[in-house]
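These notes concern the structure reproduced below.
Heavy-atom basis, side chains included; hydrogens, waters and symmetry copies ignored. Heads up: numbering here begins at 1 and tracks the sequence. Here the structure is a predicted model, which is why all the values come from computation and not from measurement.
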Amino acid sequence: MRPFRTRLLAWYGRRRRDLPWRTTLDPYRIWVSEIMLQQTRAQTAIPYYQRFLERFPTVESLAAASEEGVLAAWSGLGYYSRARNLHLAAKQAAAGGFPRDYESIRALPGVGPYTAAAIASIAFGLAHAALDGNVMRVIARLEDDAADLSSSRTRERLRGIAQELLDPRRPGEFNQAMMELGATVCVPRVPDCGACPVRSQCRAYSRGTASQLPVKLRKTEPQRIEAELALVRRSGRVLLWQRLASARRMGGFWELPSPEQLPGMRRLAVAGAFRHTITHHHYLFTVIAASIARAPLEMRWFGTEDLVSIPLSTTARKALAVAG
């Protein structure tokens with residue numbers, strides 16, 4: 001076990017990416033980064049992370065913010081339940097202090113076993129292995145394990161192996177090293193085994209099966225959906241509508257209307273098109289430049305300068321971008 005840990009940590013010390021959340025042991029900042037990284041690639045998350053912390057530098061400032069302000073700061077990252085849970089958890093943490101043990105961190109809204117282990121190990125040096133998709137892939141190849149990753153039994157077995165591998169003296173660095181290895185070297189489809197610091201201890205490498213692992217059997221066929229969005233401009237302003245706060249998805253966010261929401265709408269031109277994916281739904285949106293005689297009462301006009309201060313949906317942002 002020791003040679004594996006030594007080689008991995010030495011490699012991590014030389015090759016780790018310069019990411020802003022790796023320069024702090026502040027549990028609040030680590031927590032914000034881990035929530036953002038749940039469904040977002042690291043390079044995409046960086047500017048959002050920096051802007052979010054400029055606006056909410058402490059857990060107390062986040063707790064005191066309005067939900068609309070939090071959603072506006074999160075706007076564009078998607079999966080907005082993360083932002084709502086972050087806001088709710090901040091109120092709990094601000095009231096009683098940020099939790100300092102795994103179980104208490106795990107009890108925060110929106111925090112699962114992986115996120116709790118990452119925060120506990122990085123911020124507090126607690127020996128909990130963090131098992132995300134990257135780490136599962138690394139372990140499946142180390143063990144030459146062709147079991148289905150969709151199975152909870154498989155994931156629990158891999159979690160046990162991750163805990164055995166964990167360096168209890170440097171758990172935070174070790175967890176980050178495992179994640180870094182999976183993100184940059186032991187990647188899906190074509191792993192860069194020649195650059196792997198622990199290939200001599202990898203069974204899949206020695207048996208030539210690395211590119212075939214891991215195995216994930218359950219696949220959902222994607223749904224392909226075509227839709228239109230209406231871009232109505234007037235005197236430098238754009239027309240938007242707001243989802244109900246209680247809506248199951250994207251509650252409280254502002255959107256471009258569809259043509260069906262605008263009786264009497266006059267089509268002027270096709271302003272652009274873009275693709276957008278939400279889990280297994282692949283959308284092709286066409287943006288229609290349009291005009292109307294009178295805006296529906298439930299809709300509002302916004303100037304360009306107003307758009308940064310409201311929770312604007314990702315599809316609305318993309319539509320405005322492709323339309324110029």
Contact between [X] and [Y] at the side-chain level, heavy atoms closer than 4.5 Å - yes or no?
| X | Y | result |
| --- | --- | --- |
| I225 | H282 | no |
| P20 | Y49 | yes |
| T40 | Y79 | no |
| K318 | H276 | yes |
| H87 | L71 | no |
| V32 | F52 | yes |
| I122 | E34 | yes |
| L231 | L239 | no |

Just checking, any donor-acceptor pair under 3.5 angstrom between side chains of [X] and [Y]?
| X | Y | value |
| --- | --- | --- |
| R170 | S121 | no |
| S75 | R317 | yes |
| R300 | Q242 | no |
| D148 | S151 | no |
| T315 | E255 | yes |
| S66 | E68 | no |

- Task: Would you give the length of the straight line joining atom OG of S291 to atom CZ of R233, rounded to the nearest 0.5 angstrom?
- Result: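 Rounded to the nearest 0.5 Å, the OG-CZ separation comes to 13.0 Å.
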Less than 4.0 angstrom from a charged side-chain N to a carboxylate O is my criterion; do [X] and [Y] meet it?
| X | Y | result |
| --- | --- | --- |
| E156 | R159 | yes |
| E180 | R22 | yes |
| E228 | R267 | yes |
| R237 | D306 | no |

- Item | Other ILVMFWY residues reachable from L244 by side-chain steps of under 4.5 Å | none
- Other ILVMFWY residues reachable from L131 by side-chain steps of under 4.5 Å: M1, F4, L8, L9, W11, Y12, Y114, V135, M136, V138, I139, L142, L149, L158, I161, L165, L166, F174, M178, M179, L181, V185, V198
- Item | Centroid-centroid under 6.0 Å between F98 and Y28 rings | no
- Message: Determine whether the aromatic ring centres of residues Y48 and W74 are separated by less than 6.0 angstrom.
- Response: no
